[in-house]
Each structure stands twice: as structure tokens, then as C-alpha cells.
**Q** 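Got a structure for you, written out below as C-alpha cells; questions coming shortly.
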Amino acid sequence: MPKLLTPDLYVESVYDIDLAALKKRGIDNIITDLDNTLVPWVEKDVNPKLMQWVDSLKSGGFKVCLVSNATEGRVESFRQSMSVPGISKAGKPRNGAFLEAMGILGGASYNTAVIGDQIFTDVLGGNRLGLYTILVVPLSDKEFIGTRLVRLVERFVLRKITKPQSVNN
Ligand SMILES: [Mg+2]
């Protein structure tokens, strides 16, 4: 299993991330994916549970930035409702948007985590920069056909790593 494709943490959903444990690791900055990580791909609104999670990040002293390959319009609407900065058309896994987000947050590789649902964009991009990478199970199966093909490869890769952790387990 290539190290660059292996997340540091694999959880069922963002709600299963132990924020206190992240703090203990020295993480202050969160770069998070949007689609299928925070909301299903078709969703247009921030639900109350997500809003509460974003608030708990902020009150926990984390700085948050959305980094998404989605369009400007889509990212902008979530950026506003969540009151966080955001980068659209990020071109993940390329470095550019991750570095830009770290610049916005004032973060460095040792104190920044990346959360996302895709190994080949979120985890690969984060690992290449030495960030703490957190993989979540995708929220929805309704995706671009291209993404669906990548999922097939991901499933093969995921067989080699442990089951996602859930607080409900
Ligand atoms: Mg995603």
C-alpha cells in the first residue's frame, strides 16, 4: 500500500473525528473538501448538524478553509453560509490550492489537516505536502462518471487499509 495514498485517519464521517485528539497532535488548521465530505453531491444547503460541527471547530480554536474542485458558485454559497474562506476549482491533488489555503489559514504542514472523501485528490494531495490526512466515507453515490471510475480503484486500495472508525462502533 503506497504511503502517499494512505490516510493518517479513516473515519465514517466528519462527525467521528475526535477534535480534542487533533488538538493534541498540534493541529490548528483544517482544510476540508466540500462535496461528499461535508454535504452530499446534490445538496445545496448547510444542514443544522453540519453548521453545529463547523461552530464546534471554530469554538475549538480551529481555522477552517474549504478547498473544492467544484465550481465557484457552488463553493461560494457554502463559504458564505459557513462563514469560512474557500477555494473553488482547486485542481486537487495538485499542490496549488492546498498551499493557497495554508496561506489563508496561516498554517504549516505540521499543524494542518486535510479532510476529504477521495484518496486520489484529498489524501494524495495532503500527503504530498506532509499534512495530516483524514479520509471519510463519501456521503452520496451520485457523482460524475469520472469520479465513479476512480472509486473502483479506490475500493481496491481501501481493501488494504483498516475499516473506517466510527464513534458508534
Ligand atoms: Mg469530495
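Counting convention: from 1, in listed order, for ligands and their atoms alike.
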**Q** What is the name of the N/O/S atom of D35 that is nearest to the Mg ion (ligand 1)?
**A** O
**Q** Restricting to N/O/S, name the atom of D117 that gets closest to the Mg ion (ligand 1).
**A**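 When I compare the N, O and S atoms of D117, OD1 is nearest to the Mg ion (ligand 1).
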**Q** Looking at residues at least two apart in the chain, or sitting in another chain, which of them share a side-chain hydrogen bond (donor to acceptor under 3.5 Å, both in side chains) with D45?
**A**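 Testing D45 for side-chain hydrogen bond (donor to acceptor under 3.5 Å, both in side chains), a comparison that skips the adjacent residues, returns none.
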**Q** Of all N, O or S atoms in D33, which has the smallest distance to the Mg ion (ligand 1)?
**A**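 Among the N, O or S atoms of D33, the one closest to the Mg ion (ligand 1) is OD2.
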**Q** Which pair of heavy atoms, one from P40 and one from D35, lies closest together, and at what distance?
**A** O-OD1, 4.3 Å
**Q** Which residues pass the side-chain hydrogen bond (donor to acceptor under 3.5 Å, both in side chains) test with K23, not counting sequence neighbours?
**A** D28
**Q** So for atom NZ, which belongs to K58, do other residues, nucleotides or ligands contribute more than 12 heavy atoms lying within a distance under 6.0 Å?
**A**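 Buried by this count: over 12 neighbours within 6.0 Å.
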